[in-house]
Amino acid sequence: MKTPFVLPISQVAQPLDLASTLACGQCFRWRVDDCGSWNGVVGRDLVRLSMRNQGLIIETSTTPAAELAEFIVAYLRLDDDLPSLHARLGSDPHLRQAFDNYPGLRLMRQEPWETLAGFILSSTSNIPRISKTVELLSDTFGDEVQLDDIKRHTFASAEALAEAGELRLRELGCGFRAPYLTGAAEAVATGRLPLNHLRGAPYNDVLRQLTELKGVGEKIADCAMLFSLDRLEAFPADRWVRKVLTDLYSLPANISYEDSREWAWGKWGADAGYANQYLFWNARQSTRPMRISQ
DNA sequence: TAATAACCTCGCAA
DNA sequence: ATTGCGAGGTTAT
C-alpha cells in the first residue's frame, strides 16, 4: 500500500504552479491527467504530483514518498526564494508581465544525463517530437516502473544508449542527432565527462567540457547547466529568447550568442537563468497557447 | 571572424 | 487525405 506524502507548501516556499513548471519546456517527461495530477519518472521512481489544499501531494512507485520528499524539494528547486526573485526583477515591465502570468513557474534541478540527452535531441526540433523520442528511448532501454495503473520507464542510461549505437538510435527517430547522442552517452558512460560532478563547478569550466561533445553547442550546454547543473546564471538564448531580446529589449538582431549572454549577465547577473525562462515561456505562450500533453 | 548550407524526421497547418 | 513547411541548433565549408 503506497502512502502519499503531503508537503505543506507554506513550510517549504512560496508559490508552486505544477503546470507552468512541468510544461514550460525545461523537461520532457511530465504528463497531466484529467484530475490535474502530474506523473513523471524521477530516478528509479514513477512519481505523481498534485496540489491539494495548499500542499504538494507526492505519490511514488518505489521509494516511500516521505523519503523521496526531500529529493523532490530539490528537484523542484522549492528552496529558491521566488518572491524575492520577483521583487528583484519585477521592475522590468516584461518580466513583471511574465511573473503575473506564471507566478508559480520554477526552474528545476533535473538529472544531468537525462537533461543533456533531452536537449541534444532538441536541436531543430519541437517539444512534442522531443517528448515522443525521449519517451520512446525510455520505453526501449529503461526499466518499467508502475504506480497504480500507470506504467512508465526509467530514462535510458548512458551505458544503454552508448551500446545501442547510432544506427539503432536513427531507427528510433533521433535523425541526425543520433551520433551526437551516442557520443555523449559514451563520454558519460566511460566517465570521460564526469557529468554528476559538475554541479557547482565554474560556469566556464562546465561550458568547455559540455561543448567538447559533438552536437552540443553553447545553447544546449546552457540548457543542461540551467536545468540540471545549478548554473542559474546560464542564459540559453534560443530563437524565442533572441526574438524577445530584439523585439522587447531593442538588441540588434544579429547579436552574437556570447554578446547576448554578456548583456543578460550585466542586466540580471546570477538571476539571468530565471529571467530567461520566464521570458521564453511568456513569449512562446503568447504566440501559441499551451497544449497539455496526455 | 562572419555568413550559409546541410542535416533526419516529425508535427502541424493548409 | 496528402503535401509542404519549418522546427527550442550545430557543424562544416
Side-chain angles (χ1 to χ4, degrees), chain A residues 20-30 98 102 105 107-108 110 114-137 139-140 161 164-185 187 193 207-228 234-247 251-262 264 272-294:
Chain A
S20 298
T21 300
L22 300 175
C24 71
Q26 61 180 320
C27 56
F28 302 109
R29 296 203 66 196
W30 285 89
Y102 312 102
L105 191 166
L107 287 173
M108 296 165 68
Q110 300 177 63
E114 177 177 336
T115 307
L116 178 61
F119 280 94
I120 286 174
L121 291 172
S122 78
S123 177
T124 322
S125 190
N126 50 70
I127 293 174
R129 181 183 175 185
I130 301 162
S131 302
K132 183 188 170 185
T133 306
V134 165
E135 203 64 14
L136 182 57
L137 292 177
D139 290 343
T140 304
L161 292 188
E166 174 185 343
L167 243 52
R168 183 80 181 99
L169 296 193
R170 281 184 182 269
E171 287 175 357
L172 294 170
C174 294
F176 65 82
R177 308 159 197 86
Y180 300 155
L181 190 51
T182 55
L193 177 65
L207 179 68
R208 192 179 322 109
Q209 294 198 54
L210 291 177
T211 53
E212 276 179 23
L213 299 171
K214 287 297 178 192
V216 179
E218 301 206 89
K219 189 273 176 183
I220 289 175
D222 274 331
C223 288
M225 286 194 278
L226 182 60
F227 302 137
S228 71
F235 192 79
D238 67 346
R239 54 187 294 121
W240 295 91
V241 170
R242 293 179 71 94
K243 183 167 172 51
V244 166
L245 295 185
T246 57
D247 292 356
L251 268 59
N254 63 346
I255 187 172
S256 72
Y257 191 93
E258 188 177 355
D259 285 347
S260 69
R261 175 168 56 214
E262 291 299 328
Y274 263 106
N276 183 293
Q277 192 61 16
Y278 276 96
L279 292 173
F280 165 77
W281 194 233
N282 204 48
R284 201 176 193 293
Q285 287 302 85
S286 62
T287 304
R288 189 198 293 192
M290 177 169 67
R291 267 185 285 275
I292 296 183
S293 60
Q294 193 60 276

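Residue numbering restarts at 1 for every chain, and letters A, B, ... go by the order of the sequence lines. The figures that follow rest on heavy atoms only: side chains count, while hydrogens, waters and symmetry mates do not.
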Nearest-nucleotide wise, let me know which of Lys132(A) and Ser123(A) is further upstream toward the 5' end of DNA chain B. Ser123(A)
Taking only side-chain nitrogens and oxygens of Arg170(A), does any of them come within less than 4.0 Å of OP1 or OP2 of dC8(B)? yes
Tightest non-hydrogen contact, residues Phe235(A) and Asp222(A), listed as O-OD2, 3.6 Å
Given that both distances must come in under 3.5 Å, which nucleotide forms a Watson-Crick or G-U wobble pair with dC8(B)? none
What is the distance from NZ of Lys243(A) to P of dG8(C), rounded to the nearest Å? 14 Å
Nucleotide nearest Pro128(A) when distance is taken to its side chain, options dG11(B), dT11(C), dC8(B): dG11(B)
Categorize Ile127(A) for me: base, sugar-phosphate, or nothing, with a 4.0 angstrom heavy-atom threshold over every strand shown. base
Between CG of Leu137(A) and P of dT9(B) the distance, given in whole Å, is 14 Å
How close or far is atom P of dA13(B) from atom CG of Asn126(A), stated in whole angstroms? 11 Å
Want to settle it: does Lys214(A) or Asn276(A) sit nearer the 5' end of DNA chain C, counting the closest nucleotide to each? Asn276(A)
Does Gly25(A) reach a base, just sugar-phosphate, or nothing at all? Heavy atoms under 4.0 Å. base
side-chain contact (heavy atoms from CB on, under 4.5 Å) partner of Phe227(A), the single match among Met108(A), Gln110(A), Glu114(A): Gln110(A)
Taking atom C1' of dT10(C) as reference, at what distance in whole Å does atom CZ of Phe176(A) sit? 8 Å
Expressed as a whole number of Å, how far does the C1' atom of dA5(B) sit from that of dG6(C)? 16 Å
Charged N-O contact under 4.0 Å between Arg170(A) and Glu166(A): yes
Could you state the CD-C1' distance from Glu218(A) to dG8(C), rounded to the nearest angstrom? 16 Å
Check whether Arg261(A) reaches the backbone of Pro236(A) with its side chain - one donor and one acceptor, N or O, closer than 3.5 Å. no
Atom CZ of Arg284(A) and atom P of dG8(C): how far apart are they, to the nearest Å? 5 Å
Heavy atoms under 4.0 Å, any strand shown: does Leu213(A) hit a base, just sugar-phosphate, or nothing? sugar-phosphate
Both distances under 3.5 Å, Watson-Crick or G-U wobble: report the partner of dT3(C), or none. dA13(B)
Round to the nearest Å and state the distance from Leu121(A) atom CG to dT10(C) atom C1'. 14 Å
Going by an N to O cut-off under 4.0 Å, is there a salt bridge joining Glu135(A) and Lys132(A)? no
Distance check needed: dC8(B) P versus Leu169(A) CG, whole Å only. 14 Å
Mind checking if Arg129(A) touches a base, just sugar-phosphate, or nothing, with heavy atoms under 4.0 Å? base
Quick one: is dG9(C) close enough that its OP1 or OP2 comes under 4.0 Å of any side-chain N or O from Arg177(A)? no
